[in-house]
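First up is the structure itself, then whatever we jot down about it.
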Amino acid sequence: MGTQSISIKVNGVEQTGEVEPRLLLVHFIREDLGLTGTHIGCDTTHCGACTVILDGQAVKSCTVFTVQASGKEVLTIEGMTTNGELHPLQAGFMEEHGLQCGFCTPGMIMVSHALLQENSNPTEEEIRFGISGNLCRCTGYVNIVKAVQYAANKI
Amino acid sequence: MTELKTSAEIGGMGHSVKRKEDPRFIRGRGNYVDDVVRPGMLYMAIVRSPYAHAKILSINSEKALAHPGVAAVITGETLKEYNLHWMPTLMSDTQMVLPIDKVMYQAQEVAAVIATSRYAAADGVELVEVEYEPLEVVIDPFKALEPGAPVLRTDKEGQKDNRIFHWEAGDKAATDKAFKDADVTISQDIYIPRIHVASIETCGIVAEFDSVEGQLTLWMTSQAPHAHRTVFAMVAGHVGLSEEKIRIISPDIGGGFGGKVPIYPGYVIAIAATVVTGSPIKWVEHRRENLQADSFGRDYHMHAELAADKDGTMKALRIKTIADHGYTDAATQPSKWPAGLFAIATGSYPFEAAFCEVDGVYTNKPPGGIAYRCSFRVTEAVHAIERLVDILADDLGMDPAELRMKNFIPPEAFPYKSVLGLEYDSGNYAGALKLAMEKIGYQDLLKEQKEKRERGELMGIGISSFTEVVGAGPSKDFDILGLKMFDSAEIRIHPTGKVLVRIGVQSQGQGHETTFGQIVAEELGIPVSDIKVEHGDTDTAPYGLGTYASRSTPVAGAATAMASRKIRDKAKKIAAYLLEVSEDDLDWEPGKFFVKGVPDKAKTIQEIAFAAYTNHPQGMEAGLEAVSYYDPPNMTFPFGSYICVVDIDSGTGQVKIRRFMAVDDCGNIINPMIVEGQIHGGLTMGMAPALMEEISYDEEGNIYGGSFMEYLMPTAMETPNWETAKTCTPSPHHPIGAKGVGESATVGAPPAIVNAVVDALSHLGVRHLEIPLTPEKVWRAINGL
Ligand code: FES
Ligand code: FES
């Protein structure tokens with residue numbers, strides 16, 4: 001199978017390479033770049049464990065080809081901390097006990113990040129709708145909602 | 001409330017200490033199995049059967065092997081050379097690793113492709129050619145038991161039908177008599193469908209064999225790494241795998257809920273593949289494989305009956321169950337308990353007689369019978385009794401709360417021996433229901449419902465007052481493949497007073513790294529921030545049976561407290577030596593020993609720890625460490641009362657949970673924040689099968705619900721804002737009075753929801769509805785269809 005050159009800015013760093021056109025963005029991030037905070041939880045675009053920000057928009061990186069992201073900017077969970085300082089969403093998840101096994105957490109934080117960028121003061125209903133493309137099996141969502149509210153209050 | 005004995009800084013029991021595992025998870029720095037990368041690692045993908053029952057005529061790997069990147073194709077024949085094509089299950093049945101001649105369920109493993117990338121492995125799967133000859137399929141467990149049904153397990157000598165086991169408990173004659181003599185009897189068929197735990201992380205393994213050292217290292221999604229290591233050593237001893245050279249590392253696990261207790265064929269194939277190829281092998285399931293082939297929960301067909309006096313006094317209970325276990329009994333029940341702890345079916349009520357029987361049946365489905373966030377069949381039992389109580393209330397025209405209050409086992413009756421043979425440790429059932437009724441405003445809700453009904457609106461109130469049984473278990477009764485179900489903790493106090501705790505159980509999100517530290521903090525007064533907790537590595541952790549069935553706190557939590565107390569005993573001797581007094585002259589407060597009446601004359605635990613390495617009394621061994629293997633004297637019996645309020649859209653049949661008040665009593669609490677989180681999650685996994693989740697099969701054995709397209713898990717939109725409260729009735733036999741909580745809500749929630757929906761429709765003549773209560777099912781009930 002042929003390859004294609006790509007160039008993607010991931011967490012502020014330009015990444016270039018030769019990839020198969022069918023390589024999913026999530027595999028590029030996890031395996032080529034070794035950024036394993038982005039997870040895989042399904043094969044039908046339902047769980048959101050793989051959520052990253054692509055040019056400002058939350059996307060499920062299991063449903064984007066790497067070549068489609070070429071020339072664009074990707075933000076993953078690893079890029080949320082600046083100079084060692086936690087993003088308010090990261091702090092919120094910890095403070096409000098918004099995670100248990102932690103597997104959905106990076107995706108939840110990224111989708112909430114996109115939500116707060118669009119709407120800095122969401123209602124509970126808006127938060128629930130905003131994260132409804134992401135599944136969590138452990139927490140029952142109550143504390144995830146609180147974590148997002150915590151961050152909204154800090155931002 | 002749990003009494004606080006330590007300061008917030010020490011963070012012992014009862015403090016909502018922030019979790020120690022969170023800093024890595026919120027940064028994306030967790031280390032899950034799929035994050036493990038080894039040099040030269042190959043990837044494995046599995047060819048699966050499209051048929052539920054078929055002969056394998058041929059497997060042709062040629063095209064796959066010719067594909068770039070494909071290194072090997074492993075079939076049953078490959079494994080047969082090593083006599084590894086079958087393996088034992090945890091229930092002492094047998095299960096195919098890879099088939100030689102026959103497949104027994106749709107999505108069964110047929111061959112494995114090993115390749116240099118996951119993409120090449122997936123290509124290879126498409127290129128393996130398998131010829132099948134379909135056989136008659138047996139899906140309905142009742143038909144499976146009929147004479148003349150095809151016998152599925154032709155491989156088992158002496159197996160003449162599809163029955164796996166018959167289990168019973170209670171006194172049949174006394175029960176039958178009580179039914180004959182009773183004023184009122186009710187009966188109801190209840191089916192608890194097949195469901196899947198669907199933890200967001202699927203199962204997987206990285207297997208690495210070092211042929212020079214003979215060392216096998218496995219990073220594996222395992223809820224029970226020690227038990228799994230022993231099983232591997234027993235099964236593969238003949239090919240040279242020896243237990244001291246097998247190391248299982250169960251790193252961060254993305255949810256377990258029982259689904260990571262069994263040993264799946266994929267793990268074993270990966271182990272064979274690393275031995276055969278000499279390269280490390282990674283296998284991580286796709287979600288569809290996970291939903292279609294991993295073990296399932298429930299699938300219980302119950303016929304439940306209850307006998308009572310006219311005034312509502314419950315007298316006798318009788319339940320007959322057909323349990324669909326799929327093609328092999330790969331359940332994860334303790335050996336002597338093929339129907340798990342179904343004996344909890346008498347629930348929170350003092351029956352005079354009861355009789356329960358369960359028949360396990362083979363069908364052409366994947367193995368079932370694992371827990372779905374539930375202690376060994378407790379959910380099925382609780383569903384039956386809590387539905388029956390509501391049906392009885394309806395028949396007698398009594399308020400369901402009043403009927404429960406009238407019947408509850410009273411607090412002074414504990415320890416209470418049930419007619420099905422369990423000894424309940426402690427309880428205050430009326431206290432929990434009373435609190436739930438107050439918190440939710442039960443009387444006002446009744447009024448509101450009456451008004452709404454007059455206006456034609458559908459609103460229902462449902463109660464569930466459940467009793468659970470967890471913490472398996474006492475070694476005289478509980479083992480898995482002969483391994484007794486004790487658990488363990490090992491504690492080392494370093495010279496500077498910092499601590500390493502290693503435990504035999506394994507966290508999949510429960511927060512062990514925090515809560516087990518809190519137990520030590522409580523017992524020794526050492527700040528929880530100074531305590532490091534490790535688990536999940538068989539080379540370092542003490543032997544234990546793992547985390548499932550809410551057993552971590554009841555068993556390993558007890559071991560942790562006992563090991564801490566051994567350390568405190570030794571610390572006391574050192575303190576007496578340092579203070580030049582006798583041990584009897586010393587008093588303890590968290591963190592220090594002091595001379596009675598002279599609080600200033602004291603030695604802190606940190607000073608004592610330093611002395612244990614620098615200035616220990618002559619004749620005493622240096623160091624400060626202890627190990628405990630705890631064999632619990634009894635199970636623990638958490639309980640609670642839940643009240644659910646639903647509104648139903650009569651046009652669509654959509655059920656909306658408007659309020660849900662959960663009062664739980666899990667005895668003394670280690671970390672209230674974590675307990676509340678466990679209850680939120682448990683409630684959501686209780687709501688899921690009540691309203692949405694189900695896996696079913698057509699007559700040909702095609703699965704329905706085998707991907708997230710059709711297996712509907714609750715999102716934040718369907719999940720209500722759970723309300724919680726607690727009462728506290730400590731376990732009298734547990735060293736810290738705790739009972740376990742991870743599964744209570746999954747067990748208790750479904751009947752509360754069903755009772756609420758049935759209540760909303762009771763004036764339309766609805767008496768029972770089977771879960772899941774999908775809009776279509778509810779709409780049909782509303783319209784009498
Ligand atoms: S992995 Fe599930 S949506 Fe991407
Ligand atoms: S914390 Fe486990 S899936 Fe969300």
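Predicted model only: the values in this text are computed from it and were never measured. Residue numbers start from 1 in every chain, and the chains themselves are labelled A, B, ... in the order their sequence lines are given, proteins ahead of strands.
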Which atoms of B:A745 approach chain A - backbone, side chain, both or neither, heavy atom under 4.5 Å: neither
Between B:Q508, B:E21, B:E285, B:M709, who has the most heavy-atom pairs with chain A when the cutoff is under 4.5 Å? B:M709
For the ring pair B:F257 and B:Y372, is the centre-to-centre distance below 6.0 Å? no
When the 4.5 angstrom heavy-atom criterion is applied to A:M80 and chain B, the contacting part is neither
Do the side chains of A:L135 and B:I200 get nearer than 4.5 Å, heavy atoms only? yes
Considering only heavy atoms, which portion of A:E95 lies under 4.5 Å from any heavy atom of chain B: side chain, backbone, both, or neither? both
A:S7 and A:S70: side chain donor to acceptor below 3.5 Å: no
When you compare the side chain of B:K282 with that of B:I205, does any pair of heavy atoms fall below 4.5 Å? no
Which bit of B:L291 comes within less than 4.5 Å of chain A, counting heavy atoms only: side chain, backbone, both or neither? neither
What part of B:V37 lies closer than 4.5 angstrom to a heavy atom of chain A: side chain, backbone, both or neither? neither
Which of B:S16, B:A198, B:G682, B:G511 touches chain A most, by non-hydrogen pairs under 4.5 Å: B:A198
Tell me, side chain or backbone of B:P68 under 4.5 Å from chain A's heavy atoms, or both, or neither? neither
Under 3.5 Å, is there a donor on one side chain and an acceptor on the other for B:S552 and B:H512? yes
Does any heavy atom of chain A fall under 4.5 Å from the side chain of B:Y119, the backbone, both, or neither of them? both
Pairs of heavy atoms under 4.5 Å with chain B: top-ranked of A:G37, A:G133, A:P106, A:S132: A:S132
Please flag which part of B:I253 lies under 4.5 Å from any non-hydrogen atom of chain A: side chain, backbone, both or neither. backbone
At what distance, to the nearest 0.5 angstrom, does CG of A:L35 lie from CD of A:Q15? 7.5 Å
Side chain, backbone, both or neither: which part of B:R373 has a non-hydrogen atom closer than 4.5 Å to chain A? side chain
Between A:D43 and B:S707, is any side-chain donor less than 3.5 angstrom from a side-chain acceptor? no
Given a strict heavy-atom distance threshold of 4.5 Å, which part of B:Q678 is in contact with chain A: side chain, backbone, both, or neither? both
Of the listed residues (B:D252, B:N290, B:T202, B:I674), which shares the most heavy-atom pairs with chain A below a 4.5 Å separation? B:I674
Is the closest side-chain heavy-atom distance between B:K260 and B:Y548 below 4.5 Å? no
Under a 3.5 Å cutoff, is there a donor and acceptor pairing between the side chains of B:Q510 and B:T547? no
Honestly, the part of B:T684 sitting under 4.5 Å from a heavy atom of chain A is side chain
Considering only heavy atoms, which portion of A:T139 lies under 4.5 Å from any heavy atom of chain B: side chain, backbone, both, or neither? backbone
Out of the candidates A:I40, A:T66, A:D32, A:L33, only one should pair with A:H27 under the side-chain contact (heavy atoms from CB on, under 4.5 Å) rule; please name it. A:I40
Judged by modelled atom types alone, do B:T746 and B:E743 share a side-chain donor-acceptor pair under 3.5 Å? no
As an exercise: rank A:E31, A:H39, A:E125, A:H46 by heavy-atom pairs under 4.5 Å with chain B and give me the winner. A:H46
Region of A:Y141 that comes under 4.5 Å of a non-hydrogen atom in chain B: side chain
NZ/NE/NH1/NH2 to OD/OE distance under 4.0 Å, B:D123 and A:R22: yes
Under 4.5 Å heavy-atom distance to chain B, tell me which part of A:L89 shows up: side chain, backbone, both or neither. neither
Find the distance between CG (B:D664) and OG1 (B:T724) and round it off to the nearest 0.5 Å. 8.0 Å
Contacting region of B:R29 [heavy-atom separation from chain A under 4.5 Å]: neither
Heavy-atom cut-off 4.5 Å, strictly under: side chain, backbone, both or neither for A:L99 against chain B? both
Honestly, the part of B:E201 sitting under 4.5 Å from a heavy atom of chain A is both
Heavy-atom pair count under 4.5 Å with chain A, highest-scoring of B:E718, B:M687, B:H286, B:R27: B:R27
Minimum-distance pair of heavy atoms, taken over all atoms of A:C50 and A:T38: O-CG2, 3.5 Å
